[in-house]
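All chains are named by letter (A, B, ...) in the order of the sequence lines, taking the proteins before the strands, and each is independently numbered beginning at 1.
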Amino acid sequence: MRVGVFICHCGNNIAGTVDVARVAEETRKIPGVVYSTDYMYTCSEPGQDEIKEAIRREGLNRVVVAACSPRMHELTFRRTVEKAGLNRYFFEMANIREHVSWVGENKEANTNKAIEAVRMAVMKVMQDKALYSSSFKVNKRVLVIGGGVAGMQAALDCADGGLETVIVEKSPSVGGMMARLDKTFPTIDCSICILGPKMVDVAQHELITLHAYSEIEDIKGYVGNFQVKVRKKATYVDWSKCTGCGECMEKCPGKNAYDHFNFGVAPTRAINIPFPQAIPKKAKIDPKFCRQFLKGKCGVCAKVCPTKAINYEMQDEIVTEEVGAIVVASGYGLIDQDLLPEYGGGRYPDVITGIQYERILNASGPTSGHIERPSDHTEPKTIVFVSCAGSRDKSVGIPYCSNFCCMYIAKQAILTKDHVPDSQSYVFYMDIRSPGKGYDEFTRRAQEEYGARYVRGRVSRIFPKGKKMIVRGADTLLGTQVEIEADLVVLATAVTASPGAAQLAEKLHISYDTNGFYVESHPKLRPVETNTAGVYLAGAAQGPKDIPASVSQGSAAAAKALSLLSKDMLESDPAIARVNTNACVGCMKCVKTCPFQAIKEEVLRSGKTVAQVIETVCAGCGVCTATCPCGAIQLQHFTDNQLLAEVNALCQM
Amino acid sequence: MNRERLKEAVAEILPGVDAVIAYGQGFDAAHGEPCFVTKKEELEGLILNPLCEHNLASYLPSRKNKKTGVVVKGCDSRTIVQFLQEGLVKRENLVIIGVPCTGVVSAKKLARALDHQTVEEVRFEGETVIARTPRGEKRIALADVSPDKCRTCRYPTPLIYDVLVGEPIESDKDPAAVYDDVRELMGKSLEERKAYWEKEIGRCTRCYACRNACPLCVCQDSCIAETRDPHWQSQRSNLSEKMMFHFIHAIHLAGRCTECGECERACPMDIPLGKLKKKINMDMLDLFDYVPGIVCEDKPPLYTFKVEEKKIEEHEL
Amino acid sequence: MSDVTANKELRIVGFLCNWCSYGGADTAGVGRFKQPTDLRIIRVPCSGRVDPLLVAKAFANGADGVLVSGCHPRDCHYSEGNYYARRRLEMLKRFLPFIGIDEKRFHYTWISASEGQRWQKTVTDFTKRIHELGPAGKAVLDPADKAVEEMAS
Amino acid sequence: MKREAGFIPKDGWNAFLASLAKRFNLYVPCREGETILFQPYHAESVICLDRPAASAPKGVIFPQSETLFSFELKKKAEDPRKVDVELKSEGAPQDTAIVALRPCDARGFSILDPVYMDVDPYYRSRREKTTIITLACPNPYPGCFCTSVESSPADKSGSDVLVTELDNGYFLEAVTEKGRTILDDNAIQDGAGYKEEAEGRQKAAHDRVKKAFSGGKKVKISQERLLSDEFWEETTAKCLSCGACTYLCPTCYCFNITDEQTVNRGERIRSWDSCMFPHFTLETSGHNPRTKKAQRFKQRVGHKFVYYPEQYGDLGCSGCGRCIRFCPISMEISKVVAKLSEEGEGSTKDAAEGARS
């Protein structure tokens, strides 16, 4: 055994609190170590060359690098040793930065800890076996979860790149939040006018299959070969017949159905097409409000439908899609206003949310673009905008900034002035966050050209007084209490993870942070990947984002999927379970505990029954190894003997 | 326990099986022994009395693909149920002769009661054992020389059988008492418990009689106590290695041990090995409401899970 | 081992799952959350890989404390590994004191990749506890060996 | 001149042990729970003479596991390619005595001697340093068959002193020079007068031992049966293939050698092994010539009653009966030998008669 060890200074990150020279020196005393040195930046190109050179010069057959976390650079160095002709698994990393130099204060203790960490790695590397990956076919189809702007962008890019793409959208139409916006900052483009064409492209692209009003039921498989069960929820309208003529909606007597698209600004019909530009433009029945379902008699829509598309008996349907990669663009939600009682949103009709205001401003909205108070449909003259309604507020469990509220408030203030020239807008804010291109100029215009009055401070309470809403808050710049008699109050309610985000994450085996947003595999360097191979993130599902950020992340995720599926075969990770058929007694306990059904029974020629691992299905968790009583099934690279070598290196000194 | 009816039952199934595993007379009057019957002539050698202490089910997994008849008491039948839970035997290859049992004799305890003299004759009158040694005849209450498992036996009638020799018996034992011995030891201090096991397990010679007698030690020839890959244990005969071996045995039996007592019975050093497994069983019962070897459809608790574990709470520091 | 550290450090072994807890320890590092230096970390793919026997072996070899940490339930990278771990490790925790190993020396918990502070707190508190308990004492000799030693002395 | 026979009154026995303990590492049969084991003597030892110990005192001279030598790999940081190996061997054994073992156990050593004395320094040095003070067996115990292997409850082979318990004391016979030095002690009275009483008891015990097979050392094993697979399959169907028989046996001497190393220290360990274990014959290639317990049990019986005799002209068994007494499934080696012997099982009866006449 000829082990070479390289101790990294990482500039001062490690060398600052660890005596790297001593670590290298102590390491030389370990039997089997023939070369040990310290280096300024081992991950740098000269650093890697030094490793390759040493492998040749010293005839090393095992390499240990003591540096940062293997989660950071293990792959880098595996490639390095491979380039020098070693098997990539004849390599171990000792984490002496994140786990030592950055967290320990006493240099001597750190140094000692580093020495032992390296000793452990050396003992492990001497137990390592050469592993070789095998390759398997990939399914060149992509699943996009969510038909918002991020999801559509990802789908269009994948499809344009030649990949069959499936979109699964929870609501009856694609478009997501952007479809509900009136204008977009900072250019004041008509939102649906720029989104509409994309929606049409999605509908018309021959490589895109759209499952609207559908949800993910279950996901099995692994990168390159996922099996996805999609639940197509019953619409009670046969979409293959529905032409979207709208007759049914006209005649429907169920006039007070909740309008999800307009966030309940005004009621809609029990059978409805969510909005004029909907894709697909199909009607669906909301049984919660439909007389046929509530009273068992009505059937008006069935009578008037020219294509006899109505089917009250319709059931949910499960379809299975096989894909090789998945883009998760499931979007975001908004804070439950009950958490903000002091504002009275939901209690007082004239206290509304930003997104509701978008619908009121919108020409094709319930008010046809005329600004009016929900309570008495009069035109408001004094409008107060409250930013950070829940955002950056630990007391409601939302420590983070919702990212785009400052901008849309400025936009809404501008639009308000356009609609009602004699109106006055007030904006309560904590800070104005407008870092994007042309953003800060935009918020200034709102103040300077459109006369919106910005008050720096929090609103403490909102309550009605006659027809008015009293907004009481602090002006922290003037250091005084302010009270404004408003006709309409708009709350920039906080962005949250979309409802059901956690359940979806569990189906995908990806992780989510304490706020419910999905976790990327590296915040800086792998922002659209997840820790599950073949699953990528796009849009606000990963964290609050505005349109351009969502669109670019959609394209980025698509690029990842495209590069993954550009190959016909994928390399399987050889660090999977393997069975020693001599030792296996065929008790099949491993079969019972494998989370992936990756182990099956096999009868050898000798007639002996043993366990057999299905290589492509095994994900390498090692549950089987911990289950097997006779140590016959061993997770490669984390075998009993390899872990025992580490334990013994620690606890027998 | 009716020997004649047993012989009939065995004779009946004998033609259809590779062998019937029953009981014969052991090397002396105080011992029974397993007896593999393959020919009618061997029927005469069969015995059926409280000397039938062994758990004959132990032989079944190694005969998974051979059609086998086996004589089981209530306690032994739990082993078969456990086998079926784990798929270690094929039901269709088993012909189970069940024997209701009111308690057996622990050869070890009998030897003690007879001061380890050579035993010339043993008779049974109801609940009394009558033994003759060179020192004369001695009458002993069966309860005084029966294994601990009998004292808390809850299943005197086999839970699974094809033929039942004798009438079913109801248990009159208190279920709560099953783990009294474990509770007693847990009542002692940590140091006392440590000392207790150091003394008991210190006697271990690593002869592996406990392991080989254990019906649920599936590994047998592949036991990790002896292998180098994986290399869990050295061959040193010091206490920590002995401890480690019995730790392995206990952990591997977690939620599987049917408390048949074979490990203790087989141990030439009289180490109370059953206690180790019983302690874990006690916890399995508390945590997962699971008792091994009762319901064929059950799943051993460590080979399954619940997303919400009612009894497991986060441990605070 | 240098005298300084030899005297004040105890032997604590941690088995951390790669995806959550090891990442959590990394996050703690990136955040420079200071911790005691006793703990040594062994990286495993999943808490479900942690065979209770590994913990036993560490104790048999003289570890003063053993810590196992995995992904939070529902959040396992392998979807189910930590559920099996939870059952095995709970069983182990209850069994250890029966054979004379203080269950306080063994702790298992769930820490996600984003919970750097939680990791810092766990390491700090567990190390504190082990120091309160003191050294576990070397693996015991065979009674016979003991006696022989006595005779020799 | 040194005494050939000695006598110790009952009340002098403990003093005798105490005086031995001053000169020797003394091993005595102690009660450990319900079992009796040979353990180092100390003032509080609960000594038990009334039945044979569960395991033979073999381990005192041939330990269950011993460190043949330990090693340390030493390196200097300046020259990491160079490794110095430092070997440490165990210290020389101290004067040791085993007291109150049974003649079958003592005979066990005389069966181990020809195997190890000339070739194994570890065994030899301990054997030479050890004095064996045997207690004649008052009566047989379940499974005993010493007379069938031409031994007896008062067999002297392997012993340095043979002690016979009498009504009011212990009669000591010196068997070897070592033995005479033991008797050369003022606390021990002259025993000449007790010889007759002792011999009477010894004879009585001898006659009570059940004869399991005839022929003694010359027992004729039928080659045909020895080589018949069916015979062994049938005989061992119930065998659990554990090592209880071999590990309790006073004459089994098979061992395994393993190296244990962590980082830079290690040991070479010799430990008991058992022909009943499949790993015993497992070859590096993975091939195993004895995968069946039938093959393994045949080896054990064959070794003791055919191969060992062929090599050393004596049986490899002292008839202590432990392997029968402690076998979890009552495997009866003496019965197996009877079946193997050409006279067959029937022979035991007339053999017993022969013994009576």
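The minimum heavy-atom distance between A:T639 and C:R49, with the atom names listed, is C-NH2, 3.4 Å. Residues A:K113 and C:T37 approach most closely at CD-O, 3.5 Å, considering heavy atoms. Looking at every heavy atom in both residues, C:P45 comes nearest to A:G620 through CB-O, 3.6 Å. Nearest heavy-atom pair, A:L650 versus C:R11, reported as atom, atom and distance to 0.1 Å: O-NE, 3.0 Å. Nearest heavy-atom pair across A:V647 and C:F15 is CG2-CZ, 3.9 Å. Of all heavy-atom pairs spanning C:V13 and A:C651, the tightest one is CG2-SG, 3.7 Å.
Heavy-atom distances place both the backbone and the side chain of C:N18 under 4.5 Å from chain A. For A:T530, no part lies under 4.5 angstrom from a heavy atom of chain C. With a 4.5 angstrom heavy-atom cutoff, C:V123 does not touch chain A via any of its atoms. With a 4.5 angstrom heavy-atom cutoff, A:N13 touches chain C only via side-chain atoms. Heavy-atom distances place both the backbone and the side chain of A:H509 under 4.5 Å from chain C. Heavy-atom distances place the backbone of C:L39, and not its side chain, under 4.5 Å from chain A. Looking at A:I510, only its backbone comes within 4.5 Å of chain C, counting heavy atoms on both sides.
Between C:R32 and A:E105, no side-chain nitrogen of the basic residue sits less than 4.0 Å from a carboxylate oxygen of the acidic one, so the salt-bridge criterion is not met.
Environment of NZ in C:K128: sparse, with no more than 12 heavy atoms of neighbouring residues, nucleotides or ligands closer than 6.0 Å. In this structure, A:K592 places its NZ atom where more than 12 heavy-atom neighbours from other residues, nucleotides or ligands lie under 6.0 Å away. More than 12 non-hydrogen atoms from other residues, nucleotides or ligands lie less than 6.0 angstrom from NZ of A:K507.
Here the straight-line distance linking atom CD of C:Q35 with atom NE2 of A:H99 works out to 8.0 Å at 0.5 Å rounding. For the atom pair CZ (A:F517) and OG (C:S114), the distance works out to 13.5 Å, reported to the nearest 0.5 Å. Between the SG atom of C:C46 and the CZ atom of A:F638 there is a distance of 11.0 Å, given to the nearest 0.5 Å. The CD atom of A:E98 sits 8.0 Å away from the OH atom of C:Y22 when rounded to the nearest 0.5 Å. Atom CG of residue A:D513 and atom CD of residue C:E115 lie 10.5 Å apart, to the nearest 0.5 angstrom. We find the OG1-CG distance between A:T625 and C:D51 to be 9.0 Å, quoted to the nearest 0.5 Å.
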Verdict with supporting geometry, C:V30 and A:R97, side-chain contact (heavy atoms from CB on, under 4.5 Å): CA-CA 9 Å; C:V30 174; A:R97 193 179 73 176; 5.8 Å; no

Pair A:E92-C:R43, salt bridge (charged side-chain N to carboxylate O under 4.0 Å, His left out): steps then yes or no: CA-CA 11 Å; A:E92 287 295 330; C:R43 178 167 158 244; 5.6 Å; no

Test log, rule side-chain contact (heavy atoms from CB on, under 4.5 Å), inputs A:V103 and C:Q120: CA-CA 9 Å; A:V103 293; C:Q120 176 191 37; over 6 Å; no

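Sorted by first then second residue, the salt bridge (charged side-chain N to carboxylate O under 4.0 Å, His left out) pairs that include residues 22-31 of chain C, not counting sequence neighbours, are A:R71-C:D26.
Taking A:A626, A:G622, A:C628 one by one and counting their heavy-atom pairs under 4.5 Å with chain C, the maximum is reached by A:A626. Ranked by heavy-atom pairs shorter than 4.5 Å toward chain C, the options A:E506, A:E26, A:Q642 are led by A:E506. Heavy-atom pairs under 4.5 Å with chain A peak, among C:G31, C:G23, C:C20, at C:G23. Each of C:S47, C:P36, C:G48 has some count of heavy-atom pairs under 4.5 Å with chain A, and the biggest count is that of C:G48.
Looking at C:V44 and A:L643, their side chains come closer than 4.5 Å, going by heavy atoms from C-beta outward. C:L54 is listed as a side-chain neighbour of A:L644, based on a closest heavy-atom distance under 4.5 Å.
Using a 4.5 Å cut-off between non-hydrogen atoms, the part of residues 70-98 of chain C that approaches chain A consists of C:R74, C:D75, C:H77, C:Y78, C:S79, C:E80, C:G81, C:Y84, C:R88.
Every residue meeting the side chain to side chain contact (heavy atoms under 4.5 Å, CB included) condition with A:V591, not counting sequence neighbours, appears here in chain and number order: A:M588, A:I599. By the side chain to side chain contact (heavy atoms under 4.5 Å, CB included) test, A:D19 pairs with A:A21, A:R22, A:K107, A:T111, sequence neighbours left out.
For C:K57 (side chain) and A:N648 (main-chain N/O), no donor-acceptor pair under 3.5 Å exists by modelled atom type.
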